[in-house]
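Beneath this line is the structure, given in structure tokens, with notes to follow.
Keep in mind that what you see is a predicted model, and the values were worked out from it rather than measured. Convention: sequence-line order gives letters A, B, ...; per-chain numbering from 1.
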Amino acid sequence: MEREIVIHVEELTKQFGNFTAVDHISFDVVKGEVFGFLGANGAGKTTAMRMLCGLSRPTSGTGTVAGYDITRQYEAIKKNIGYMSQKFSLYEDLKVWENIRLYAGIYGMKDTEIARKTDELLERLNFARERNTMVKSLPLGWKQKLAFSVSIFHDPAIVFLDEPTGGVDPYTRRQFWEMIYEAADRGITVFVTTHYMDEAEYCDRVSIMVDGRIDALGTPRELKERFCARSMEEVFQGLARKASRAD
Amino acid sequence: MPAVKVENISKSYGKTVALDGVSFEVEQGELFGIIGPDGAGKTSLFRILATLILADEGTVTVEGFDVVKDYKELRKRIGYMPGRFSLYQDLSVEENLQFFAAVFGTTIRENYHLVGDIYKFLVPFRKRKAGKLSGGMKQKLALCCALIHKPDILYLDEPTTGVDPVSRKEFWEMLKKLQRDGITIIVSTPYMDEANMCDRIALIKGGRFIGIETPENIRRSFSVPLWAVRSGQMHRLLNDVRAFSGVKNCYAFGETHHFTTGEGFDRDKLWSYLEGLGHTSLWLEPAEATIEDCYMQLAKM
């Protein structure tokens, strides 16, 4: 059975003045896939991701995200995706339930549905007694888990995760990845960037950006075979060292 | 004289205990790593060592100076790179470095030999505002600013968070070089491959040090049987292995899952059990423990 394509881009390009941040990239992501989007700092990942999320217009190229055109229907895209970044996701001086309420409201969910799903979520995370805790007093690992849960609270087709596990210890990172697996098993497509190469191994497919282009794309196993490498770390080191662009 | 001597320090914020009776020594010229979960007390420890906050109890001397009585003298000898990027975002690269040099009564020229290897990457961007730099560049600039007054000892609080694997490797090559130049370094990191590159590692949890050892001794102290397993169905494999009798702790480990076993574990039975559950392309071998496995073991406790 052919799997449904939820992200499709062709020759996507973004220029800032005479600097080409993203240089004619093309790829597809299918429903329920965990797609790793790797690259060195400055390779163009964030710029590409902003275009996919409807936050920035491409200079040229075409694409669809969740069935909507990234050059025209960016408001529709925003409603149908989730986003979480390590740098910003939750409001520190709002309580746990207030953060959930705020984001769910922004995505246009009904009050009764929000109330029901909030209870469900806090129960599932074993987090019910933290309902009234200020987010700033939660440990980082808990914040990340909550931020991820909030980002998929409105059941988006795709969730974009920008370095979701940065600075997180090995134990907590693994708990986080088990949540990613669960979301993918429920049919949510996961588009994730990371600097941890063991996490690259957990992705169904991985792309590696170098100087604004996608230099490699495949399953971790295919990439290791193609580059005669023992690990994704070696694949990455081999490709990213060829970068000519200083960040 | 050890570079750092910490005796029985404690620190609480209200009811939250950040450090609970921590003692250790760091040798001159040592590269000393601190690893532990978020909230374990690492940043409080750095801030006490850097004379920025006071411990509730206990004493600390750095290079023979007391962190409380001799803080002024000590600050000249310490370089501190905090976990959060803390340079002036709206000063340029060059202005930030000049500022930190001036604060310590020196100039970039006088100590350029210390930072030159790192600063050379920044030279093309020296007029750029620090806030506009990418992660890898910010971190290089922060290191330059921490080094420009020629400190005897360097504190680095998670310096490579958000930094890509290539820049991380370069960063650690720089640290090794600084160590060869005689600088003592204390560094915290969530990356276990980096922990491996330290002379000794302290594991911190709940405000207590639960072990200080060389990476090799930590690996050797791993005392339970460890296995690596792989199949065509990795997500499901995790829970299937966990449900099998005699399996204690199972977690993802790159392209395989690792698990530890106890009484009553039978390899062949696990194999046929997994086959029975429809796992294809099965592979199952004993594994050698890494620092990351040791961490996972301790985190469970």
Rounded to the nearest 0.5 Å, what separation is found between the [atom1] atom of [X] and the [atom2] atom of [Y]?
X        : Y        : atom1 : atom2 : result
A:Lys45  : B:Asp164 : NZ    : CG    : 6.5 Å
A:Glu233 : B:Arg168 : CD    : CZ    : 6.0 Å
B:His235 : A:Tyr181 : NE2   : OH    : 4.5 Å
A:Tyr202 : B:His257 : OH    : NE2   : 8.5 Å

*Would you please test B:Tyr191 and A:Tyr196 for ring-ring contact (aromatic ring centres under 6.0 Å, His included) and show each step?*
CA-CA 8 Å; B:Tyr191 291 95; A:Tyr196 292 93; 4.6 Å; yes

Check whether more than 12 heavy atoms from other residues, nucleotides or ligands sit under 6.0 Å from atom [atom1] of [X], and answer yes or no.
X        : atom1 : answer
B:Glu288 : CD    : no
A:Asn132 : CG    : yes
B:Arg208 : CZ    : no
A:Glu123 : CD    : no
B:Lys132 : NZ    : no

*Which bit of A:Pro220 is near chain B, if near means a heavy-atom gap under 4.5 Å: side chain, backbone, both or neither?*
neither

*Which one, A:Glu182, A:Lys224, A:Met232, leads in non-hydrogen pairs under 4.5 Å with chain B?*
A:Lys224

*Give the member of A:Glu178, A:Arg173, A:Glu163, A:Arg221 that has the highest number of heavy-atom pairs under 4.5 Å with chain B.*
A:Glu178

For [X], is it the side chain, the backbone, both, or neither that has a heavy atom closer than 4.5 Å to a heavy atom of chain A?
X        : value
B:Met234 : neither
B:Glu158 : side chain
B:Gln139 : neither

*Residues B:Phe253, A:Asp198; criterion side chain to side chain contact (heavy atoms under 4.5 Å, CB included); working and verdict*: CA-CA 7 Å; B:Phe253 200 89; A:Asp198 62 327; over 6 Å; no

*asked:* Using side-chain heavy atoms (C-beta onward) and a distance below 4.5 Å, is B:Glu170 in contact with A:Arg241?
replied: yes

[X] versus [Y], closest heavy-atom pair with distance:
X        : Y        : answer
A:Asp169 : B:Gly36  : CB-O, 4.2 Å
A:Gln237 : B:Pro165 : NE2-O, 3.3 Å
B:Pro190 : A:Val168 : CB-O, 3.6 Å

*Can you tell which of B:Thr16, B:Leu238, B:Thr161, B:Val163 has the highest number of heavy-atom pairs within less than 4.5 Å of chain A?*
B:Val163

*Under 3.5 Å, is there a donor-acceptor pair between the side chain of A:Arg174 and the main chain of B:Ala252?*
yes

